[in-house]
Number of protein chains: 2
Amino acid sequence: MASIKDIAKIAGVSISTVSYALNGSNKVTEETRQRIKKIADDLKYVPNMAARTLKRQRTNIIGVYVTDYRGSFYGELLDGIKRGLGYYDYDMIVCSGSRSHLFIPEKMIDGAIILDSTFSTEEITQFADEDYNLVVLDRELDYSSVPQVLLDNKGGATLAINQLVELGSRKVFLITGPNGSYDNRQRLEASVKELERFNMSYDVINGNFTEASGHQAAEFIFSKSPQVPVDIFAFNDEMAIGIYRYLKDKPYVIGRDVRIVGFDNIEIGEFLEPKLTTISYSKHRWGIIAAEKMIRLVSNEQAEDELIYTSLVERE
Amino acid sequence: MASIKDIAKIAGVSISTVSYALNGSNKVTEETRQRIKKIADDLKYVPNMAARTLKRQRTNIIGVYVTDYRGSFYGELLDGIKRGLGYYDYDMIVCSGSRSHLFIPEKMIDGAIILDSTFSTEEITQFADEDYNLVVLDRELDYSSVPQVLLDNKGGATLAINQLVELGSRKVFLITGPNGSYDNRQRLEASVKELERFNMSYDVINGNFTEASGHQAAEFIFSKSPQVPVDIFAFNDEMAIGIYRYLKDKPYVIGRDVRIVGFDNIEIGEFLEPKLTTISYSKHRWGIIAAEKMIRLVSNEQAEDELIYTSLVERE
DNA sequence: TTGTAAGCGTTATCAC
DNA sequence: GTGATAACGCTTACAA
């Protein structure tokens with residue numbers, strides 16, 4: 001509410017003196033600084049963001065865009081980003097929905113970290129052409145100015161297939177995500193490649209990363225009374241959970257008659273019975289690295305693409 | 001990048017004409033409006049947020065403050081708030097961490113919806129005194145200008161106890177949240193009151209709403225080889241999950257030897273074996289109502305407190 | 001119907 | 001060391 005004008009009036013100095021005093025310039029005596037700071041505190045002065053931004057042409061805020069707020073997937077990632085940005089005195093806000101895409105050209109934020117399928121790649125490249133600072137976590141882009149921090153989906157899928165191979169699998173059901181998803185395409189490509197290397201047969205069943213689609217896929221598989229053991233690589237854990245749910249009142253025993261590998265290592269997996277074997281990676285680290293890339297961008301430094309490696313979590 | 005100045009220059013008009021044309025004022029001919037709009041589009045003009053805010057003195061953005069980003073708890077709530085605000089042309093950003101509290105006095109946001117224990121109640125009342133628009137979801141406050149949208153914790157706790165009573169319970173273990181939590185205190189108070197009404201005995205075991213503390217509580221209870229059935233009211237689902245995990249390799253059978261009621265109805269509950277009985281409420285509706293209160297505030301209308309009612313979800 | 005100009009709250013450049 | 005003052009990009013009352 002109070003502005004530097006008010007402070008200046010009370011202190012009997014000009015507004016520029018107030019500004020200098022408050023911003024720690026050495027152009028003002030220690031004594032006046034103290035006096036002015038005291039008045040500012042008494043008035044509970046806080047600089048107006050809009051005015052400061054208008055002048056400075058930056059906000060020190062980074063926007064993180066997510067597809068939606070649901071799911072236990074984002075929490076750790078956001079924590080990581082926030083931590084990474086905090087080291088460098090940047091604030092973070094989390095946004096979702098296409099209206100908030102406007103924050104970018106409006107210059108409300110100094111940069112955007114994107115894990116949000118409501119951004120079209122075209123939209124992103126347009127922003128990139130206009131020199132906004134962007135980091136993408138959910139797609140490949142042929143834009144050297146937009147660093148990508150991507151999951152090593154191929155490595156993860158290869159690990160998953162190998163695990164099934166080691167268990168003696170002869171045939172694998174692949175339950176995929178939606179076609180539009182970059183992660184899905186990568187996982188599929190690597191899985192097929194690895195399966196063919198071992199000369200194994202496989203069936204591709206289209207899912208869409210939701211628990212419901214996993215349930216459906218299981219229905220499809222088991223309604224044909226397949227030969228046990230049935231081996232399944234679900235391209236994410238949520239779909240694997242759908243399979244668990246389908247099998248709950250069926251005679252098939254998970255771990256013996258059905259072997260499932262998931263992807264993402266979401267929290268629930270550990271509470272399933274039996275615990276879900278899955279492909280894991282550090283979401284926290286993913287966030288920290290994304291933040292680092294963004295910091296480099298706003299500092300006008302070059303930022304390289306980076307891969308987040310995966311590992312197999314073998315459970316029951 | 002392009003400003004109305006650029007547009008004015010190209011169109012050969014003054015900046016005010018551009019502003020009028022773009023803001024749909026009827027002070028300019030349809031013809032010039034079209035011409036100017038065309039140029040603006042070509043230049044990909046987007047108004048600068050800081051400048052507009054500085055002039056208008058509002059941002060049309062509401063900040064939602066959460067304690068942290070983890071847990072599957074917030075997703076639906078945020079969805080609800082976003083939906084509720086969207087109806088009225090307000091944007092929403094999600095914030096966490098004490099640094100971002102500054103957004104409020106900086107006037108970066110027109111109001112704050114708070115579900116964030118890092119706000120002290122003193123801080124909130126100070127902001128309220130300075131006439132910022134606040135809605136709280138996580139505490140009681142004697143401030144008529146700050147509407148509260150609270151869970152009916154007492155109703156929920158009463159339901160939980162009644163459920164155990166109906167199952168024939170004689171004694172109940174209450175596993176609480178942290179002392180500082182308003183929700184926890186309410187649940188405890190109502191539970192005790194209800195238990196005493198039925199003349200039942202009970203033990204209070206201090207937890208802190210984390211899964212780990214639920215696990216510990218279970219360890220404490222079962223290490224004393226208690227008389228079965230053991231009846232437990234865990235003040236949230238996460239702690240109930242901790243109990244499940246503890247009991248996994250123990251001889252006690254949940255549903256027969258141990259009966260547990262949780263609180264919150266988080267998603268995981270349905271995948272536990274057996275499914276978790278819990279106290280439920282619509283997080284989505286909670287969010288929508290919180291948004292409505294905020295809209296009333298920014299419209300300078302009176303907003304009443306409101307309670308979000310709970311129900312028992314009886315599972316296995 | 002269009003243009004001029006003041007003002008929003010800061011920061012920063014220049015005189016003094 | 002301090003004070004005027006221009007500038008950031010926009011909206012809007014008023015003048016033309």
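Only a predicted model underlies this, so the values are computations on that prediction, with no experimental measurement involved. The sequence lines fix the lettering, A, B, ..., with proteins before strands; numbering per chain opens at 1.
- The side-chain hydrogen bond (donor to acceptor under 3.5 Å, both in side chains) check on A:Thr32 picks up A:Thr29, with sequence neighbours excluded.
- Applying the salt bridge (charged side-chain N to carboxylate O under 4.0 Å, His left out) test to every pair with at least one member in residues 124-151 of chain A, sequence neighbours left out, gives no pairs at all.
- Legend: residues meeting salt bridge (Lys or Arg N to Asp or Glu O under 4.0 Å) with A:Glu304, ordered by chain and number and at least two apart, are absent.
- When side chains are defined from C-beta on, A:Asn60 does not count as touching A:Asp91, because their heavy atoms never get closer than 4.5 Å.
- Applying the side chain to side chain contact (heavy atoms under 4.5 Å, CB included) test to B:Ala112 and every residue at least two apart in sequence or in another chain returns B:Tyr65, B:Ile104, B:Ile109, B:Ile114, B:Leu134.
- Scored by the side-chain hydrogen bond (donor to acceptor under 3.5 Å, both in side chains) test, B:Lys27 finds no partners at all (sequence neighbours excluded).
- Using a 4.0 Å cutoff on non-hydrogen atoms, the parts of residues 28-41 of chain A near DNA chain D are A:Val28, A:Thr29, A:Thr32, ordered by number.
- The end-to-end axis angle of the helix from C:dT1-D:dA16 to C:dC16-D:dG1, rounded to 10 degrees and based on five pairs per end, is 50°.
- A donor and an acceptor atom, one from each side chain of A:Asp183 and A:Asn153, are located under 3.5 Å apart.
- Electrostatic pairing of A:Lys38 and A:Asp42 counts as a salt bridge here, judged by a charged N lying under 4.0 Å from a carboxylate O.
- The salt bridge (Lys or Arg N to Asp or Glu O under 4.0 Å) test applied to B:Lys9 returns no partner, not counting sequence neighbours.
- Applying the ring-ring contact (aromatic ring centres under 6.0 Å, His included) rule to A:Tyr20 yields no partners; only residues at least two apart in sequence or on another chain are considered.
- Taking the charged nitrogens against the carboxylate oxygens, A:Asp264 and A:Lys283 have no contact shorter than 4.0 Å, which rules out a salt bridge.
- Protein chain A touches strand DNA chain D; the 5'-most and 3'-most nucleotides with an atom under 4.0 angstrom of its non-hydrogen atoms are D:dG1 to D:dG9.
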Reading nucleotides 10-16 of chain C 5' to 3', which nucleotides get B (base under 4.0 Å from a protein heavy atom), which S (sugar-phosphate only), which -? BBBBB--
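- Under the ring-ring contact (aromatic ring centres under 6.0 Å, His included) criterion, A:Tyr45 pairs with no residue, sequence neighbours left out.
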